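Remarks on the structure that follows.
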Amino acid sequence: MNTLEKYIITDINMIPPVICPCGSSKRLFAIESEGTFSLHKVRIRKNPIIHYHCKNTEIYYILNGKGNMELDGKIFPVSPGNVIMIKPYCRHRIVPAGEMEILNFCIPAFNGNDEFIDRKKEVNSTAGNSRISKNQTNDESQK
């Protein structure tokens, strides 16, 4: 990574992945952007966890694979080239039909303290069928 100039060039293949509710993520630029944004290349797992953020807006760009995007309980089919903007407090996950990778742009930069999971939600998912109980545990659930 070259940080002497006003630009950064990096190889995402050299970034170690971390586990996240969606699968595994390679996260870039959170520190270098001074917290203004971060970029994540995410390999979506088979049963991603519904989650939300109070501060982050996320933009998903589907690189490869097909599946269903769940946004506040509504299901939308997605495929390569689709772009989804997810605003704060929107409960979301993307359920792949097979292998799937996305680019996720987080504004401001991702912060693990701004990632929330409704622990008592019952989730039974397949690529085409999701069932979520209304039993939520977080006070933010009405937002």
Side-chain angles (χ1 to χ4, degrees), residues 1-133 136-141 143:
M1 196 178 318
N2 178 353
T3 57
L4 299 175
E5 301 292 334
K6 295 178 191 145
Y7 57 85
I8 298 170
I9 299 172
T10 191
D11 181 351
I12 199 163
N13 296 310
M14 301 304 291
I15 306 295
V18 295
I19 301 301
C20 66
C22 293
S24 64
S25 177
K26 295 183 175 200
R27 298 176 177 159
L28 301 143
F29 305 131
I31 295 168
E32 297 84 355
S33 73
E34 298 177 357
T36 59
F37 81 97
S38 59
L39 170 66
H40 310 210
K41 185 176 182 186
V42 184
R43 182 175 301 272
I44 306 298
R45 68 182 179 168
K46 195 173 193 174
N47 283 314
I49 299 169
I50 296 173
H51 62 285
Y52 66 97
H53 311 276
C54 297
K55 296 178 183 171
N56 278 118
T57 293
E58 295 182 295
I59 300 169
Y60 284 15
Y61 175 77
I62 311 300
L63 291 171
N64 58 61
K66 293 181 179 181
N68 289 310
M69 185 80 222
E70 183 173 341
L71 301 163
D72 282 338
K74 296 178 184 171
I75 308 295
F76 303 92
V78 293
S79 59
N82 289 159
V83 182
I84 304 102
M85 183 175 76
I86 306 165
K87 293 182 178 181
Y89 295 103
C90 179
R91 280 150 174 81
H92 61 280
R93 71 175 172 167
I94 189 164
V95 181
E99 296 289 319
M100 178 180 267
E101 283 186 311
I102 68 167
L103 285 181
N104 178 5
F105 300 86
C106 293
I107 306 160
F110 176 79
N111 178 333
N113 293 324
D114 187 41
E115 187 165 73
F116 301 93
I117 297 167
D118 293 329
R119 295 286 176 196
K120 286 193 176 182
K121 277 193 172 189
E122 246 181 79
V123 178
N124 178 14
S125 76
T126 64
N129 183 14
S130 296
R131 181 177 60 78
I132 305 165
S133 77
Q136 299 175 337
T137 62
N138 196 307
D139 291 334
E140 302 290 340
S141 65
K143 295 192 179 193

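This structure is a prediction, so every number in the text was calculated from the model and none was measured.
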Checklist outcome for this item: CZ (Phe76) and CD1 (Ile84) are apart, to the nearest 0.5 Å, by 10.0 Å

Checklist entry - Should the heavy atoms of other residues, nucleotides or ligands under 6.0 Å from NZ of Lys26 be counted, would the total exceed 12? => result yes

Next on the checklist: Pair Met69, Ile86 - check side chain to side chain contact (heavy atoms under 4.5 Å, CB included), show working.
Outcome noted: CA-CA 11 Å; Met69 185 80 222; Ile86 306 165; 3.8 Å; yes

Checklist entry - If you round to the nearest 0.5 Å, how far is NZ of Lys41 from CG of Leu28? => result 10.0 Å

Item to check | Distance-minimising heavy-atom pair for Pro77 and Asn82 | outcome: O-OD1, 4.1 Å

Checklist entry - In terms of the angle between their ring planes, are His92 and His53 parallel, tilted or perpendicular, with boundaries placed at 30° and 60°? => result tilted

Next on the checklist: Tell me if a side-chain donor or acceptor on Arg91 pairs with a main-chain N or O of Ile50 at a distance below 3.5 Å.
Outcome noted: no

Checklist entry - Would a distance-only check, ignoring hydrogens and angles, find a side-chain to backbone donor-acceptor pair under 3.5 Å from Ser38 to Phe110? => result yes

Checklist entry - To the nearest 0.5 Å, what is the distance between NZ (Lys55) and CG (Asn113)? => result 8.5 Å

Next on the checklist: Using a 6.0 Å cut-off, check whether atom CD1 of Ile31 has over 12 heavy atoms from anything other than its own residue.
Outcome noted: no

Checklist entry - Any idea how Phe29 and Phe37 line up, ring-wise: parallel (<30°), tilted (30 to 60°), or perpendicular (>60°)? => result tilted

Checklist outcome for this item: So NZ of Lys87 and CD1 of Ile59: to nearest 0.5 Å the spacing works out to 11.0 Å

Item to check | Heavy-atom closest pair, residues Ile19 and Arg27 | outcome: O-NH2, 4.5 Å

Checklist entry - Out of curiosity, Leu71 CG to Met85 CE, how far, rounded to the nearest 0.5 Å? => result 11.0 Å

Residues 96-109, side-chain donor-acceptor partners within the protein, below 3.5 Å, at least two apart:
from   : atom 1 : to    : atom 2 : distance (Å)
Glu99  : OE1    : Arg43 : NH1    : 3.4
Glu101 : OE1    : Asn64 : ND2    : 3.3
Glu101 : OE2    : Arg43 : NH2    : 3.3
Asn104 : ND2    : Glu58 : OE2    : 2.9

Item to check | Heavy-atom pair of closest approach, residues Ser24 and Pro17 | outcome: CB-CB, 4.2 Å

Item to check | Separation of Asn56 CG from Glu115 CD (nearest 0.5 Å) | outcome: 8.5 Å

Checklist outcome for this item: On a heavy-atom basis, the closest approach of Cys22 and His51 is SG-CE1, 3.5 Å

